[in-house]
Participant: 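Structure provided below as structure tokens; questions to follow.
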Protein chains: 2
Amino acid sequence: MSEPSAEAADRSGRPPTLTERTIEAVREGIRNGTLVPGELYSVYRLADELGVSRSPVRDALLRLAETGMVAFERNRGFRVVLPGARELTEIIAVRLALEVPAAQRAAVRATAADRAALQNEYEAMQVSVTAGDETAFMMHDQRFHGLLLELAGNAHVTRIIENLRDATRLVGTSTIRTSRSLEDVYQEHLPILDAIQQGSPSTAGAAMRRHLESTGRLLLQEAARKSDTNLKSNALWNDLVGHPPVGE
Amino acid sequence: MSEPSAEAADRSGRPPTLTERTIEAVREGIRNGTLVPGELYSVYRLADELGVSRSPVRDALLRLAETGMVAFERNRGFRVVLPGARELTEIIAVRLALEVPAAQRAAVRATAADRAALQNEYEAMQVSVTAGDETAFMMHDQRFHGLLLELAGNAHVTRIIENLRDATRLVGTSTIRTSRSLEDVYQEHLPILDAIQQGSPSTAGAAMRRHLESTGRLLLQEAARKSDTNLKSNALWNDLVGHPPVGE
DNA sequence: TCGCCATGAGTAACATGTTACTCCAAGTAT
DNA sequence: ATACTTGGAGTAACATGTTACTCATGGCGA
């Protein structure tokens, strides 16, 4: 009764290719700990674990390598890359530069249906928080940001941010619980939602900025905890994220 | 006497792979008109034109497809994609969001050597203008922006912009001459350079903004000229690039 | 015990084989 | 002439074969 390919067709009309399914499989493997960052793997092994040939697996990994999620080592294998403090900071800087204006535009462009959809995701986040289901929470968080970006109307921005989120996901996952701040992250979304419901771009932008900065600091803390890359993080942050000097 | 692979080793120590060389070959083919946008090509033909097997060619094209330069059509072939007004506008919006802050940071961080390097590229642009060598001009223009981005210290930003430039290159090339504005584009770089020499971030940011907006409008004009996508460009521009509303 | 070198297992990169699909164009019925 | 079928050429996606490389391991001499 159950279909062989789970969430198959998207809505693009075509069934997904093996390459695409492999990409999802690798992402899932990273999420649930099957693929450990730093460990050395090979296309051969992964291919017959997934029951497909090496070609689509290789294609999938090459695409993921493009975004920095994995790295190939010639004649050795490939590794899942755990982003360091430097990379995380860079990513936060990009997200600030793109998502803050996106939130502003979204506040102006949102239709009633859009607002309702955002509200839905926000409430789903609420449910996930009380249920303590971090996986579900991350999913709704992603959808919230995704919806907001689509609203802003720039498909390039959406794609870029989606890729960056991929690279950071494995830092945030199963670690936020540690600092019991799932609730905090959830609450930071409320001012964003409110500002968009009220159509106030500057407020929405400011709220998004606060949210991203706070999330960024959390991720950096987490990254510092697991690797010994002890904390010159503050210098990095000021250097790459710190607000551009306004005066001279 | 002449090496088989021209500008081989980069400086990464390793010789470039066939895939990488193919990527460069495709880019070059697009630049010099061997590969016509819109036309249907196949991996088979391209592979034996380049004298390699289908694998590296396919890998190369998949990577280029990731950035939107080419598009595959299942069982049909692939096309070089000419970006439309929509895509161009989106790209300009991203560049504004990322390169303006980058210019600000660069103004603060630049060392004497950095300033000299920028000056060099600027003067090389000058030479290209008087020589009427558009290809060389584009190259130095790219290097100028590339140096500036590296200065800003965010490798992700550098990579993103580099990819976007790729997608737009085939619109700008051999068309700027039409509006005889090579000189204008050159002159717009002076205020940027000056501001960085003087270490003034806000001035550098403003100059960069003016430059990108002006370049963007030129590209849009050009795109509108060759495709019949007649000009609702202005609405697009205001929608995606227009400064975010400052007040409420 | 310690350093050196041969050897072989395992791999990414590259090459070639196979399959199921799309489309065009030439035929055939109407 | 026009619509409708049909065959075949050409293709991306997927599978498998080959090569040249990296590195761990174990023997061998000091």
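A, B, ... follow the sequence lines: proteins, then strands. Residue 1 opens every chain. As the structure is a prediction and not an experimental result, all values here were calculated from the model.
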Participant: Heavy atoms from C-beta onward define the side chain here; which of dT22(D), dA15(C), dA12(C) lies closest to that of V52(B)?
Facilitator: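 Ranking dT22(D), dA15(C), dA12(C) by closest atom to the V52(B) side chain puts dA15(C) first.
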Participant: Nearest heavy-atom pair of A152(B) and A102(B): which atoms, and what distance?
Facilitator: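 Nearest pair, atom of A152(B) first, then A102(B): CB-O, 3.6 Å.
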Participant: Relative to the ring of H145(A), is the ring of H189(A) parallel (under 30°), tilted (30 to 60°) or perpendicular (over 60°)?
Facilitator: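 Rings of H189(A) and H145(A): perpendicular, over 60°.
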Participant: Round to the nearest Å and state the distance from L61(A) atom CG to dA13(C) atom P.
Facilitator: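 Taking atom P of dA13(C) as the reference, CG of L61(A) is at 10 Å.
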Participant: Among the nucleotides dA12(D), dA12(C), dA13(D), which one has an atom lying closest to any side-chain atom of F72(A)?
Facilitator: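 Of all the options, the side chain of F72(A) is nearest to dA12(C).
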Participant: What integer distance in Å separates R74(A):CZ from dC23(D):C1'?
Facilitator: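 The answer, rounded to whole Å, is 15 Å.
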Participant: Please report the distance, rounded to the nearest Å, between CG in L18(A) and P in dC21(C).
Facilitator: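 Spelled out: CG on L18(A) to P on dC21(C) is 13 Å.
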Participant: Starting at atom CG of D48(A), determine the distance to atom P of dG10(C), rounded to an integer number of angstrom.
Facilitator: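 Going from D48(A) (CG) to dG10(C) (P), I get 13 Å.
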Participant: dT22(D), dC14(D), dC21(C): which one has an atom nearest the side-chain heavy atoms of N75(B)?
Facilitator: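 It is dC21(C).
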Participant: Taking atom P of dA15(D) as reference, at what distance in whole Å does atom CG of L46(A) sit?
Facilitator: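 It works out to 13 Å between those atoms.
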Participant: G51(A) or V43(B): which one's nearest nucleotide on DNA chain D is closer to the 5' end?
Facilitator: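 Its nucleotide being nearer the 5' end, the pick is V43(B).
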Participant: On DNA chain C, nearest-nucleotide positions of Y44(B) versus S53(B): which is more 5'?
Facilitator: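 Final value for this comparison: S53(B).
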Participant: I need the OH-P distance between Y41(B) and dA12(D), as an integer number of Å.
Facilitator: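 Atom OH in Y41(B) sits about 13 Å away from atom P in dA12(D).
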Participant: Counting distance alone, no hydrogens or angles: does the base of dG17(C) have a donor or acceptor under 3.5 Å from a partner atom on the side chain of R54(B)?
Facilitator: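 Donor-acceptor pair under 3.5 Å: yes.
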Participant: Would you mind telling me which of dC23(D), dG17(D), dA12(D) lies closest to the side-chain atoms of R58(B)?
Facilitator: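 Output: dA12(D).
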Participant: Can you check whether T19(B) has a side-chain N or O nearer than 4.0 Å to OP1 or OP2 of dC14(C)?
Facilitator: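 T19(B) to dC14(C) OP1/OP2: side-chain N or O found under 4.0 Å.
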Participant: What's the CZ-C1' distance between R76(A) and dA24(D), to the nearest Å?
Facilitator: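 Result: 9 Å.
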Participant: Contact between R63(A) and T19(A) at the side-chain level, heavy atoms closer than 4.5 Å - yes or no?
Facilitator: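 Heavy-atom side-chain distance check passes, below 4.5 Å.
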Participant: If I take atom CZ in residue R79(A) and atom C1' in nucleotide dA12(C), what distance separates them, rounded to the nearest angstrom?
Facilitator: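 To the nearest whole Å, that distance equals 14 Å.
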Participant: Any non-hydrogen side-chain atom of L240(A) less than 4.5 Å from a side-chain atom of R86(A)?
Facilitator: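 Yes. Closest side-chain heavy atoms under 4.5 Å.
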Participant: Respond yes when some side-chain nitrogen or oxygen of S55(A) is under 4.0 Å from OP1 or OP2 of dC14(D), and no when none is.
Facilitator: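 S55(A) to dC14(D) OP1/OP2: no side-chain N or O under 4.0 Å.
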Participant: By nearest heavy atom, map D59(A) and E73(A) onto DNA chain D; which one lands nearer the 5' end?
Facilitator: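 Going by which nucleotide is closer to the 5' end, it is D59(A).
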Participant: For a 4.5 angstrom cut-off between non-hydrogen side-chain atoms, does H140(A) reach V127(A)?
Facilitator: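 A side-chain contact is absent here, since even the closest heavy-atom pair is not under 4.5 Å.
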